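Okay, structure first, notes after.
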Amino acid sequence: MLDYASYALVLLALGAYVLLDGYDLGIGILSLFDRSDRRRKEYNELIATAWDANESWLILAGVVLWAGLPGVYATVLPGVYLPLVVMLLALVLRGTAIELQSAALGYRRGWGLVFGISSLVATVCQGLVVGGVLSGLPHRGGVFTGGTWDWLTPYSVLCALGLVAVHLLAGAAWLQDKTTGTAHERAGRLGRPLILAVAVAGLVLGSGLRFADPQHLRFDQPLRATLFGLAVAGAVVCAALAWYGFGRRPDWRPFAAVAGTETAGLLALVAATAPVVVPPDLTVHAAAGPHGSQLFLLIGVGGCMPVVLAYNIYAWWVFRGKSARPSVSTETAVGPSDTAAVAEQAAQVEQPERPVPAAPAASDGPWAAVAARRVLLTLLAVAVAAVSQDVFGGVRAWIGPVGVALFALTALAGWIRSDRRSAAAGEFDLRAADR
């Protein structure tokens, strides 16, 4: 029973991650299609309050999978290594963009673009991982035996598109619950078309699972068929509630209904595939770790789970209700064509012109400290990349010496260019730190 308890913990953590980080990934993707800088700034501030807490569920899922179901971890990780690494890099860039955008006085379009694109890339990679696993990963004796691109299948591409639609729907539902004004109205208009897109994706992926999954799905078993049917019915009911709730009050109803739809969809997938976790034949029992490891894991996670839930609930409570909108001192009733002009006026009010500080002398301490810090960070990144290519097999297929050198030079040039642009814009004065 301990192996199925670990399986349930993995499902709980993954489900919580898809639900919680899904809505802020969806908001990031929606920001790519919004022309208003003011609304984009509002989206970023809304996400900045909880994105790191939401992503903690992904870490928890990885830990439980590693300790509780090591057979799955050993098979899946090498099989989907490329999209998984790209996803993690996208999440890192996304977090950086959120924090730097939040720290800026006005809206920085460069970081906004990084926020939106990295949200889209992370979502696509997650769909490719899920679709690649469901399509089956070649393995023998708990060891992956396939090739580098086995995860890339027609079904994994469809999963990626479907997950984008799901995250967009969750993002629109969250925006209706947390925003006011034009952002609230826009979310209400987007909800129903996105529900249709998710419904189409669900039909395509559900019907295609029988052909993509190499295991024989036993829907002839009465219990399995009943549980699957109940989960699908629950998803349909929740989707209908979300359809009715978009554009109407209370504003929390669409997000609650979308959460129910995602939960029911996950349960339907489990009902269709369990106890196989990696098709075609790796089951929960075969992938589980030793009894002692399972017991230690459940005790450890049992101690951590209340902490994770506590700070998530605390964050939701502190930031309950509608989010505070950016400064609207210059905002008036304007048409869509005037949105950019109003945003620029607001940015000018928030960022009054300041004299550009003179370049400090070469002997000034802060400039030397900044340069030393940048060089040390670059050397650290090079060391991490060099060690990684030895830790993960020493093949140097993706990161060779030339790649490490290019990475180091690009990182150093990017830091220097960013500092010079910020100094020219008068955003900071390094000499002021000594006064």
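This one's a predicted model, so the numbers in the text were calculated from it and none came from an experiment. Side chains are part of it too, since the values below use all heavy atoms of this structure and drop only hydrogens, waters and symmetry mates.
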Next on the checklist: Could you measure the distance from the OG1 atom of Thr153 to the CG atom of Leu128? Nearest 0.5 Å is fine.
Outcome noted: 8.5 Å
Next on the checklist: So which atom in Val284 and which in Leu69 form the shortest heavy-atom distance, rounded to 0.1 Å?
Outcome noted: O-CD2, 4.0 Å
Next on the checklist: Using a 3.5 Å distance criterion without hydrogens, assess whether the side chain of Gln176 forms a donor-acceptor pair with backbone atoms of Gly247.
Outcome noted: yes
Checklist entry - Excluding sequence neighbours, so at least two apart, what forms side-chain hydrogen bond (donor to acceptor under 3.5 Å, both in side chains) with Arg224? => result Gln221
Next on the checklist: How close do Leu297 and Ala67 get, counting heavy atoms only, and between which atoms?
Outcome noted: CD1-CB, 3.9 Å
Checklist entry - Are Arg40 and Ser31 linked by a side-chain donor-acceptor pair shorter than 3.5 Å? => result no
Item to check | CZ (Arg320) with more than 12 external heavy atoms under 6.0 Å | outcome: yes
Checklist entry - Hey, mind stepping through Gln126 and Val129 against side chain to side chain contact (heavy atoms under 4.5 Å, CB included) and telling me if it holds? => result CA-CA 5 Å; Gln126 290 171 7; Val129 169; 5.7 Å; no
Acceptor/donor pairs from residues 190-206 side chains to any protein atom, 3.5 angstrom cut, sequence neighbours excluded:
from   : atom 1 : to     : atom 2 : distance (Å)
Arg192 : NE     : Trp243 : O      : 2.9
Arg192 : NH2    : Trp243 : O      : 3.2

Checklist entry - Are any of the side-chain heavy atoms of Ile98 and Phe115 separated by less than 4.5 Å? => result yes
Checklist outcome for this item: Asn44 meets the side-chain hydrogen bond (donor to acceptor under 3.5 Å, both in side chains) criterion, sequence neighbours left out, with none
Checklist entry - Ignoring hydrogens and geometry, is there a side-chain-to-backbone donor-acceptor pair from Lys178 to Lys322 under 3.5 Å? => result no
Checklist entry - Closest approach of Thr75 and Gly71, non-hydrogen atoms and distance? => result OG1-O, 2.9 Å
Checklist entry - Excluding sequence neighbours, so at least two apart, what forms ring pair (Phe, Tyr, Trp, His ring centres under 6.0 Å) with Trp174? => result Tyr23, Phe255
Checklist entry - Hey, are the side chains of Leu134 and Leu269 touching, using non-hydrogen atoms and a 4.5 Å cut-off? => result yes
Checklist entry - side-chain contact (heavy atoms from CB on, under 4.5 Å) with Val121: which of Ile29, Val86, Leu89? => result Val86
Item to check | Pairs meeting criterion ring pair (Phe, Tyr, Trp, His ring centres under 6.0 Å) with involvement of residues 24-54, two or more places apart | outcome: none
Checklist entry - Quick one: does Leu60's side chain get under 4.5 Å of Met305's, heavy atoms only? => result yes
Next on the checklist: Quick check on Arg248: does its CZ atom have over 12 non-hydrogen neighbours (other residues, nucleotides or ligands) under 6.0 Å away?
Outcome noted: yes
Next on the checklist: Check whether Gln101 reaches the backbone of Arg108 with its side chain - one donor and one acceptor, N or O, closer than 3.5 Å.
Outcome noted: yes
Item to check | OG1 on Thr179 to CG on Asp251, rounded to 0.5 Å | outcome: 8.0 Å
Next on the checklist: I'd like to know if the side chain of Asn54 and the backbone of Ala50 have a donor-acceptor N/O pair within less than 3.5 Å.
Outcome noted: yes
Next on the checklist: Could you check whether any side-chain N or O of Arg253 sits under 3.5 Å from a backbone N or O of Arg249, counting only pairs where one atom can act as donor and the other as acceptor?
Outcome noted: yes
Item to check | Minimum side-chain heavy-atom gap Leu25-Arg94 below 4.5 Å | outcome: yes
Checklist entry - Run the side chain to side chain contact (heavy atoms under 4.5 Å, CB included) check on Leu14 and Leu266 step by step: do they pass? => result CA-CA 10 Å; Leu14 288 177; Leu266 178 62; 5.8 Å; no
Item to check | side chain to side chain contact (heavy atoms under 4.5 Å, CB included) assessment of Leu93 paired with Ile117 | outcome: CA-CA 10 Å; Leu93 287 174; Ile117 293 177; over 6 Å; no
Item to check | Shortest non-hydrogen separation from Pro138 to Asp150 and the atoms involved | outcome: CG-OD2, 3.6 Å
Checklist entry - Should Leu20 and Trp316 count as side-chain neighbours, where that means a heavy-atom distance under 4.5 Å? => result yes
Checklist entry - Between Trp149 and Trp151, what is the ring plane arrangement, given parallel below 30°, perpendicular above 60°, and tilted in between? => result tilted
Checklist entry - With a 4.5 Å limit on heavy-atom distance, are the side chains of Ile27 and Leu46 in contact? => result yes
Item to check | His184 NE2 to Asp177 CG distance, which is reported to the nearest 0.5 Å | outcome: 8.5 Å
Checklist outcome for this item: In this structure, CD of Glu42 is separated from OG1 of Thr182 (nearest 0.5 Å) by 7.0 Å
Checklist entry - Distance from Met87 atom CE to Ser118 atom OG, nearest 0.5 Å? => result 12.5 Å
Next on the checklist: With heavy-atom distances below 4.5 Å as the criterion, would you say the side chains of Leu19 and Trp57 are in contact?
Outcome noted: no
Item to check | Over all atoms of both residues, closest heavy-atom pair of Thr123 and Leu163 | outcome: O-CD2, 3.6 Å
Checklist entry - side chain to side chain contact (heavy atoms under 4.5 Å, CB included) between His167 and Val18: does it pass, once the steps are laid out? => result CA-CA 8 Å; His167 285 354; Val18 170; 4.1 Å; yes
Checklist entry - Does any N or O in the side chain of Thr49 come within less than 3.5 Å of the main-chain N or O of Glu45, such that one atom is a donor and the other an acceptor? => result no
Item to check | Nearest heavy-atom neighbours spanning Phe246 and Ala187 | outcome: CD2-O, 3.8 Å
Next on the checklist: Just to verify, what does Phe144 make a ring pair (Phe, Tyr, Trp, His ring centres under 6.0 Å) with, not counting sequence neighbours?
Outcome noted: none
Item to check | Phe296, CZ atom: more than 12 neighbouring heavy atoms under 6.0 Å | outcome: no
Next on the checklist: Is the shortest side-chain heavy-atom distance between Val164 and Val124 below 4.5 Å?
Outcome noted: yes
Item to check | Nearest-0.5 Å distance that lies between atom CG in Leu152 and atom CG in Leu82 | outcome: 9.5 Å
